[in-house]
Every structure is written in C-alpha cells, then in structure tokens.
There are 2 protein chains.
Amino acid sequence: MIITRDNRLHIEQLQTDESIFATQNGYIGVRGTFCEGYGTNGLRNGTFINSFYEEYPYRYEENLSGFAQKGQAMIHVIDGQGIEFYIDNHPLNMESCDVVSLHREFHLYGGYTTRTIHYKTPSQYEFILTEKRLTSLEQPELFVVEIDLQSLNYSGHVEMRSTVQQPQFSNTLSRDPRIGKTHNESFILRDIHISDDYGCIQVQTKHSKLEMAVSVTHNIPVQYTHNDKNITATAHASLTENEHFTCRKYVIYTSSNYHSNYVTANNILRQQILKNQSTDYFEQQRQSLTSFWKTCEIAIDGNERLQLIMNYNVYQLHTSGGLDSRFNIGAKGLTGDGYEGHHFWDTEIYLLPFFVLTNPQKAKTLLLNRYHNIEAARQEALNLGHTRGIKIPWRSITGRELSPYYPAGTAQYHINSDVAYAVIHYYYATDDMSFMLKYGFELLVETARTIYDIGHFHNGVFHIHEVTGPDEYTTCVDDNYYTNSMAQYHFQFIVDFYDKHASLLKSLITRMQLSDQEIKDFNQAAESMAIIYDETLQIIAQDQTFLSKEPWDLEHTPSSNFPLLLHYHPLQIYRKQVLKQADVLLSMFLLDFEDKTIMEHSYDYYSNITTHDSSLSKCVHSIVASALDKLSVAYDYMIDVSEVDMSNTQRNTKDGLHLANLGGSYMTIVYGLAGLRIKPDRIILCPRIPHDMNGYSFTIQYRQSIITISISDTIQLTSTNTVDIELYGNAITLQKGTILDYPLG
Amino acid sequence: MIITRDNRLHIEQLQTDESIFATQNGYIGVRGTFCEGYGTNGLRNGTFINSFYEEYPYRYEENLSGFAQKGQAMIHVIDGQGIEFYIDNHPLNMESCDVVSLHREFHLYGGYTTRTIHYKTPSQYEFILTEKRLTSLEQPELFVVEIDLQSLNYSGHVEMRSTVQQPQFSNTLSRDPRIGKTHNESFILRDIHISDDYGCIQVQTKHSKLEMAVSVTHNIPVQYTHNDKNITATAHASLTENEHFTCRKYVIYTSSNYHSNYVTANNILRQQILKNQSTDYFEQQRQSLTSFWKTCEIAIDGNERLQLIMNYNVYQLHTSGGLDSRFNIGAKGLTGDGYEGHHFWDTEIYLLPFFVLTNPQKAKTLLLNRYHNIEAARQEALNLGHTRGIKIPWRSITGRELSPYYPAGTAQYHINSDVAYAVIHYYYATDDMSFMLKYGFELLVETARTIYDIGHFHNGVFHIHEVTGPDEYTTCVDDNYYTNSMAQYHFQFIVDFYDKHASLLKSLITRMQLSDQEIKDFNQAAESMAIIYDETLQIIAQDQTFLSKEPWDLEHTPSSNFPLLLHYHPLQIYRKQVLKQADVLLSMFLLDFEDKTIMEHSYDYYSNITTHDSSLSKCVHSIVASALDKLSVAYDYMIDVSEVDMSNTQRNTKDGLHLANLGGSYMTIVYGLAGLRIKPDRIILCPRIPHDMNGYSFTIQYRQSIITISISDTIQLTSTNTVDIELYGNAITLQKGTILDYPLG
C-alpha cells in the first residue's frame, strides 16, 4: 500500500504534503520537508517532540477573573533533517535549480516515505536526489534519512552538508485562530560538541525550561564542525555520469519531558546506532508493522482509492500516540503545529473509538494521560469556582487549561463527560476492572462532581446552564442536549457501577469522600435531566432557546465565506440557527439513540443547518445516516471525510493532519456502515453496504478476542475466541476459529 | 455651598480627593493634585482634554472576526499645574516636610477649589501654602491657579518653580478591567519656546496624531527656561515671618480636536490673558454660575449633608460636558482616566435626564455627538454584519467601538434604543421639531434598523437573540426584557411619528430609503415583541431562561468578594441568577411600567439578587422604590447613591467620579421622590416625602417654562409660563407667575 504524489511544487502543495508525508511515532514527528530545503524562503523545519512546548503570557484587553494566564505552544525543535548538496558551491534546491519532476511515496506497510526529485542546475547539470526516511516505531528517539544522489550528466566534485540546526521561522502572521502561533524564541544552548563520528547539541527552552538533546551520526565518513547554534557534517565526493552518492543519517532526539536524563541522546546513539551499524532500520520498521496491518488493515471492495486512504488514515492514527501516559495526542498529532500542538476532547470521542478496537493498550495509555494530569484538572476546577471535582481542560498540553476564549473553550464542560464516556467504553470493550478500580472510577466521579455542580434542580428538573456543546457556533447556552445527555449517561454509569461494585470500591470511596447521598444526587440528576423535545418538529432541541432562533441563510452565503468563524462576528453566528458541527446528532450516535423517528427528524433538521466547518462533523453525519439506512448519503460523507487531508478540503492541511477526522473516517466504516456499538456486555453489529461499494472488511479486538468482520454478499465473522455478539438485534455466539456466515440484513 | 475635607493624607485619600476636587468644563479637566506635587512617588499629573486620546493595537489570543482591533485611551496631557517652592534648595512637599494640617474646599457657587496646607521643614520652618484654582467655564481653554505662600517662622530666600511639563506615569499595573490602562508613551515635541512673559509647548501624540499646545504666563515677573520637554518659570523672593508670597498662573490648552488651528494657544494667551490682566477670573467664574444655581440648586430640608452633596453632584454634572457636539462625556467625565475616558450608554440614560431638565442646549449637544459619529456607527454595523443601519458603540471616544470583550460590550445592542429613548425624551421635553427633522428621526430609524435586523419573528412573536442587557452578570441571552421593551418603545415611536409627520419627513424618507413596509415591519415587531411574564412569580423575566437558573448564594458570599466580576470566572457568574445592576427595573422606570403589582413583585424579586456592583444600579432601585411608595428604602438608596464618590463606597473614586451615578443621584430626587415623568404632551409629577426629610425643592425647564417644584407640607409649583401638567394623575394648569399650592398626595 503506497500513497504517491507527483510534481506538487506550488508552495501550498509543498506545505500540504509536508503534513501528508509527515512521519510520527508518538514521541517524535517529522514533517515531510525536503532534506535539502526549499532555498531561502524560510519554511518551517517541522520536527516536533510530543508535549515539548514553550510558554508565553496571555494578554487580555479585559482580563477577567479565572482567565488562563499563560499559553503553551508545541514548538519546532532542533532539527536533524537537513542534507544539502553543492555542485561548485551551487546548492541543489528548488530555488537554485529547475525541477524536472518530483515523485513522493508513503509506504504504509513499510512505515517510511521516499521522495525522488530531478533537478537541473543553471549549468544544465541534472541530478536525481532520492530521500528515504522513517521515524522509528521501535526506537521512538530515532529518525533515519537515507539519501541517494545520482548524477545524470555531471562529472566532478560534490559536497554534502548534513546539518543539525536550530529551527528557523518565517514571521508570517495569521488571523486564523486555528493556526498555531509562531514562537520564534531561540533556545538556550547548553552544550554543543562533536567528535569524529558524531555531533551532539543540548538546549533548553527559555520559559518552559524544558531540555532536549539531539545526537547525529552518518554511515559514511564525514567531517563534523559546529558553531554556537548548529552542527554541520561535511562530505566530499567525485561523481561521474550515472554514478550514485549515498549516505544514511541517524538522528536521536531525547528530552527532559520523557527521559529521566535527557542527555542520554548520545548514549543511545552510541549504544544503539554506532554499535549496530548493520541494522536495517527500514526492515525493522516493516516488521514492527506486521502485526498492526494484520489486525488493522481495512479492505474496501469497489473503491481502491478509498481503501488506500482509509489505510493511510489508520496508519497515521496508529503512529500518532499512545506511547506514554505523559503524552496525549494533539489535534494535529505530531504532523504540524496547528492548534499549537494542543489536545482536545477529540482524543476521547474521535480517537479512542479507534484505539479501543485496535490497540486497547494505547487506549488505556491515553486515558491514563487524563489521570496523570488530574491535579492540574483539580486546579482548573478550583479556578472555575468548584470546591470539589476536576475540570478537564478544553485545550491543553500538560493538563492546564490553555483556552483564552472561554465561550468556545472553557465553557465546553461536556469534555468532562467525554472523558467519562471514553473510560466507560474502554471498560466495556476490555473488561479491565483493574483500570477501573485504580483510575477509571476516580476519573468518572471527579469529572461528574463539577458537572453536577454547574447544574441545579428547578421545578424538579435538572438544568445545566451556560455551557457550550460541541457546536461552537452556539455558545454559552442552557441545557445543551449533548452536554445534558452525556452527563446523564455519565451519572447513570457511576450509580450502576457503585451499586454493583461497592465492596471493591471501599477504599476508593473513603479516599474520595464519596457518600451515598452524592450517588443519590447523581442518580436524581440523571433521572430528571432536562432534555428538550420539540413536539412540533418532532426533534430534540439543541438547547433551551435554539429552535426559536432565526435560521442562518446558508443558501445565500457565498462559499468563500466558509468557515463562518473567519468571516462573521461571533454574535452574528451565535444569534442564528447554524451549526459548525454535529451536536445533537453526535450524542445520538454515541448514546445510540433509540427512537429512530425522532432521530431521523433530527438528522434531517440539523443536516440542513450544519456547515461542517469543523472537521469533526461529517463523520458523525455519515454514521447517523448509516444508522438511518441513508446509505448513499453516508457513503458521500465517508468519501468527504476520508479526503479531508488527502484532498486538502479544509484548506489547512498544511498546519497538520486532522487527527480527529482520521479517527472519524475509521468510524464511518466500523461504527457507521457496520453499525458497531459497544454495550456493557456485548458488541452489536448492524452491517450495511452502500450501492457504491461491493463490500468491506476490518478486524477489531474485543476483550480477549480478535474478531474479523467481512461484509460482502454475506457477513463473515471469525474470532480468536468464543464470544457473544448481537447481529441485527439477534444474539449470536461466535465460535473460536470458525467462520460464521450470516445473511446481509 | 462649600465641600470641605481635612487632613486626608493617606495615598488613597489623596487619590480619591484628586477626583473629588477635580474641576472641569467639558473641554479640559484638572484633577485636584497638589501644585507642588507629592514628592517623587510618581503620581499621575491629571490634566485631560476631552476626547484627546492615544491609540494602541488590541491583541487577542483568539482574534475572531469583527473584533475591535484598535484601542483608544484618553491620556494625561501636558500639565500646567506645577508650582514648587524651594527653601534653601529644599522642596516644600509631603515627602520632604511634615504636614501639620491640610484643608480643602470646593466652592460650588464660586466654581473653584482651595487647598491650604501647613508644612514644617526638617529645619522646623513652617509655611502655609494656599492654592486656589479653577477651570474656566467662560473660556474653556483656561486653567488658573493662584498660590499664596506664607512664612510662619522663616526669614530668607524662597524660590518658586512653576512648570509646564510632560506627564509622568507610574507603571502600576492593575487587573481591574474598570481601570484605564496606563499609556506612558511620550509625546512628539513639535515646538517649545519662551519669551519674557510666556512659555509655549506644542506636541503631537505618536499614534493618534492629535496635536495640542499649552501656553503659560504669570502675574509676577518670572524667568522662563526650557529643555526639550518642559518649561520652567522661576521666581525668587525674600520672606520674613508672616509675610506672604503670591502668584497667579494662567495656562491655556488648545488641541487639534477642538481648534481649527491648535497653535492658537499662544494667541489666546496674548489676546485674552495678557491684554486683560485686571480680569478677576474667580469673580467671572462665580458670575457665570449664577444662572445655573438659580435654576439648578436642589434644596433638601432636613438633611444638610445630602443637600450639599446633591448640589456638588449636579455641579460636577453641569461642568462635565455638553460644550461641543464633537465631545461626549466619559464615564468619569474629565475627572480621571478610569474606563480610559470612554463614554457609554450612561450618557443617554443617566446623564441626559439631568441635562434635558436643566440645560436642554447641552442635552441637544450631547445627542448631536451621536449624530456627529453616525458614519463610525454605520461602519460598526457593517462590521457586525448589518447591511443597513447603525450600531452605537458600547464604549467609545470618537464613535468607533472600543470594547474588546463583546459579551459585556458589543452585545449590548440596547444602547441603540437608549440613544433613541434619549432623543425621544429630549423631543418631548423641548418640542424641538427642528432637531427631530434634522437629526433625531434619522438617528431613531438608523438605530432601529440594526435592532430589527437582529430580531426575527418566530411563531408570530418577535424575538431578539444573543444580546446583553444592562445587567452584565448575565450575557448573550435571548429576549432580554430591557432590550426588547426599549426596542418596542423605540419602534412604536418611529411608527407614530412617521404617521403623524410624514409630510415633514418627505425628503428624509427618500434619503434614508425608508419604505412604508419598513414602518409596517417596525410596527409589527413592536406589537408582537417577546415579553416574558412568569405567571408563578408574577414578575417579568429578565430573559428567556433567566428564571430557571440557580440563584447566587449572596448570603454566603464574603463581602470581600464584591464586585463579583473581580473574583469569579464569568461562567460562574453568568450561570446564576445574580444581577450586577438593575435590568428589568430600569425598563420599568424608564417606560413607566403600568401594572404596579407586577412592578412590586419584580422589584422584590430582583432586589434580592442584585449586587449593585455597578454604580448605575442603586439609583434605579431608589426610583422604583419611590414609585412603589417604599419611601424608606428609596431614601436609603438615595443616600447610598449620593455618597458613592464622597464616601468612596465603590472604592475606586480615585479613578474618577462616577458620572452616571451623579446623574442617578439627581434622578432619585426628581424622577424618584417627585415622580417626574416626561410624557409626549406633558410632564407628570407624583411627589412624596420620606420620613427622614421635611421637604425638598428643585427647578426644571420644560419647553418654554421654568418650573419650580417645592415639596414640604404642601406642594408649591411656579412656572415662568402657563403650562399643563399632571399631578397625582390630575390634569392641572400652572398659571404663569402664580404659586400653585397643592396638597401632598
């Protein structure tokens, strides 16, 4: 499975492809820039370390109480990609040469990328430069790049300069709030030294005081030199026509937020790389992906492009995180600095559903990140006036709330229930009681406490005021359906789990000062939760006043005015019935809304007023459309979703891949077409095939079983263990190792 | 009538008294600082020119579409107050000497202040320094300070240094959003020169490019010198025991935002001051106030302090503005830099009611300021997505919206109807049809258009979504009663006026492209305006969801946590039933709500949940309490209101006087106790006397009549012209020149 892209040389294409060809492993991420650079146009270097950030003060013209006071932004770190070639001191790059052709490949089975570029110098010398690179899945600190320079018609001297250098920033200012701010503070140099066979830089950030080290070596003799910022390794060669010059470069990244002693970069280099020079890291990478592809490959019969992109999407998901509980997954993973590297509720609602079914260990690690940051979330709750409980930050790196605009940030209290939802579904899918007792139940109760605190009973109904749901085009409302319904589910689970496992929870209950009364309160709130059903429209209302607002005139809104948030004052948007993204429908999917008539009316109603300006939206519409057997629509949405990055449909893939949307694309198949739902004691399936495909198949992990699900003329199911499932509402036992063939519903 | 204050030497008292003893004339304002300074502690100099501001960029961490991008702040200008004395090179000031006593006076009839300070130097020499100063009401450019230095036990040389200097700023940073930002950019010097009998400085601001000039002269021989920033005039004298040294200093301010040629400062100085050296400006000032006091003095029988403060309050109101239609009145007038010198809807709702009844010309000038800035307001409407109409900025200096926090700023669309309300009441009180045809009706229609645009009909009811009413502790709500009821009144007036005066309006209607349909739309909106009445509580609801929120626990809120906005995250505040200031009740006062039962229930309900954290609140509660014959409560609020600055009850009088509250204190008598209301064709009165006073009297202008109203055992009314009024619901004709004696109701 290989993604290929040819001759995309326009600056926007180059930036987009930097994201598409970014390779990551949960610790480091390297964008698909050219190792030789683009010339002097100041493009970003694009190497990231997970949660490696710089701090800066937030400034408000009106600085109200409780506002976040400090920002954190994931920064471009010391960069080891650079390998430049000089022909008679003339650099080989886009700026100085003509490009005859450019060809790129992303090898999904191999876990590496290649790039072949054909340059013609002003003196008409032609070269083919091939780069092959990987971010190691076995050794998270390792980035490898292999270079091959072939002369087509040149004979003479060639100089290679391989660099490890401080990031260089362009000072482009953007007013798009979705773009990461440019932080061009330089690092403080701690050490820089070279030897015959390696070079090493250690630096510290100025404000966050994080430290990192980079060590570099090459498989050919090079001459290391350095100044006070950068290391350069130089090699000289003589080439004749059709002769190749090759070099492999190994770069090791370590950092104080991951390594107990970050200066071990050099030790790793010496012990892992220099001592094992025969290791073929590309082969190692391929092997480490074998089991992943065995269980995670998605087959789609009848649409090869869709199949390829789907697998690209799950590959990028798989490599984006779950390595360590100190790390979460940013909105762009490690593929770009969009949203400043912050993670959001995307992790729980759009990424966990993938990890829970494909790699429960990673799912657990991601949930543990919320637990790891529990004290920061407790501080945030205090900050918002709660005396108990925790408030999960809306956007964060280290657990602190970083949202400087509360109406579409901090006000999204639903994130507490989103985390709870992910905990519950991880538990249902894995039966991991040990996790629940050690971390899960505590997260559930602490997040529930703040939600309960913002609600209150009025005339016997539990109302939650002044919150923002997933739809950020309507903020600070009362009784947002998504928030209320998710809280209801959240509270109800706590009550049931407490009732069922009180004895196991004893010490935890004491430590948390959880009383029977508090459980009763949760129960009462769940039972009397305000849910607003509109009799006339036969739909669920998004909030108390939403349906009395004026609908936005989407029909007469010029397409250049989307996303609306970039073109209209928030008051204009908030005043109208218009959605950025699925809100009621997202809850209907997640909580498997029972009444299909109301669901269909709601789907029809909200579909008409949803802009899908968020990349978190169409996947939900696809899933709900599947549930309503609107398969053609579901399929169209699925295509749109799968193409978001590959076709740059949101026009900002350059800032990084839309990780949540990648998760969404996975969900459109598994939760959408196949109708998979995770229930307390079973999974249910309800597979359908849209007209535009012949079938599809995928594999999931459920508790102790690996279950393969193939849907074509019939449904074929296999499992590595005997397991009970529900198919089209019928209870079925899958016998270990035998294929169950079932008629398509 | 003299306000006196003794021995208030603590830094906070000094800063508070700078505001209390500030003198202003609508063009310049000078805070009551010490001419000799306080020493080196960097206090602000405190001279202001109306609407003389510096610009600075706003920065947002999330910069959304339509947000105000530039701030403007009224700045401290070149300052001509300084007169220092040196005894053997030792300065006479608080820092270098002991203060034996300090006595200050504000002469309300005279329109000037005095300050007498008794210094004892470290060498035990004692001096009494007396300063007498005024800001001229006849010559708005003129500030006069007269100094008298008396030696008590010193014989020897004394040096006087009189200065005109660039403002000096302390770099105190505050997180209180109500405080003006410190802008310590220096001016660009354009010219500085001296002669034998004067000195002159011309400067320009760096960013707003406003220019100003200051010229100075003295009535005694002095030696002028200057450097590149300041002018100093030096005089030497020999004093013996009990001998006095006196000097009078004249300072002329001109500026490019008022004078066609701002460099005329020197001309004015030469033509007005130097040529008329015998003029007694203090006597001139007293005379210019004669007619003001004749018509505006308030008498309160039974509470001398209240009477004195009331008259101080109306004095400061009278001198705060209305000089020129290019100027409005900032929230602090020209008495301090709080709120950055911005004006708000305070002008129309809290100040105009005073000016309309005491100085209709000034009232008109203030309304014309909105007309003067109509194109800026049109731009603001476009900015907010309106294709027609104007949006009056919530806070402004030159007509541009300066609010960087829209939920409690830009979202207050009611300001459009507030301006309309003031126009209507000015018209009712003056019958000034010429104003209506030239400016008033246009303002009414243009402001109505944007209000109409944000509303819409839903099930036959006209709803207005996503606005903030006067109460800033509940923001961005739907169908705020104040907003809706004021819009209803606003629309209805337009419809009636249009119907009645269509022929007069012909050319205006054409120019404004005002169609019959638009008038019908206004009419329909007014007739079907959403007004939410709660059957159970028998009150008017503040908005669609307000009454379902949880009440704030005021009882258990520590008094140190007020104002709430400084201690709680906005989400916490907005989520609850708690008011910063009167909202429903303000409308009930302004629109003279008919049903007294609903009014009383509403009063009781909202009184219990109102913090009065805004100084715009208690006056309204006092007025409504009067209307409900809760006279003891009305009186208590009246006392509170009158004391806001005099007793510094809001703890921020140092930033300037609370102008709106001064207007409010006037209203508690006239609109409160006397029950005055301005109706289309008459005024109505409904006088009451609380137990704690014996009576009160005041004078108003109504159309062509000056009417004096005295309430004691009976009501005595006189008018300069025959006029029809309504007293306790009875139509009465006041005959020109005869006293009408009427029993107290």
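Note that this is a predicted model, so its numbers are computed, not measured.
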Testing the basics here: between A:T410 and B:H569, what is the closest heavy-atom pair and its distance to 0.1 Å? CG2-NE2, 4.5 Å

Top contributor to chain A interface from B:A530, B:S403, B:A411, B:G71 [non-hydrogen pairs under 4.5 Å]: B:A411

Rounded to the nearest 0.5 angstrom, the CG-CD distance for A:L565 and B:E62 is 9.5 Å

Where B:E466 and A:L571 come nearest, the two heavy atoms and their spacing: O-CD2, 3.6 Å

Quick check: do B:S548 and A:Q544 have side-chain heavy atoms less than 4.5 Å from each other? yes

NE2/A:H458 to OG1/B:T545 distance, rounded to the nearest 0.5 angstrom? 10.0 Å

Which one wins on heavy-atom pair count under 4.5 Å against chain B: A:Y568, A:Y406, A:F457? A:Y406

From CD (B:Q572) to CD1 (A:I454), nearest 0.5 Å: 11.0 Å

Side-chain heavy atoms of B:P570 within contact of A:F67, under 4.5 Å: yes

Atom CG of A:N459 and atom OG1 of B:T536: how far apart are they, to the nearest 0.5 Å? 7.0 Å

Smallest separation among heavy atoms of A:H567 and B:S65, with atom names: C-OG, 3.2 Å

What heavy-atom pair brings A:K549 and B:D478 nearest, and what distance separates the two atoms? CE-OD1, 3.9 Å

Portion of A:Y413 that has a non-hydrogen atom of chain B nearer than 4.5 angstrom: side chain

Between B:H456 and A:E550, what is the shortest heavy-atom contact and its length? NE2-N, 3.2 Å

If you look at every heavy atom in A:R59 and B:Y58, which pair is closest and at what distance? NH2-C, 4.1 Å

Rounded to the nearest 0.5 Å, how far apart are CD of B:E61 and CD of A:E340? 8.0 Å

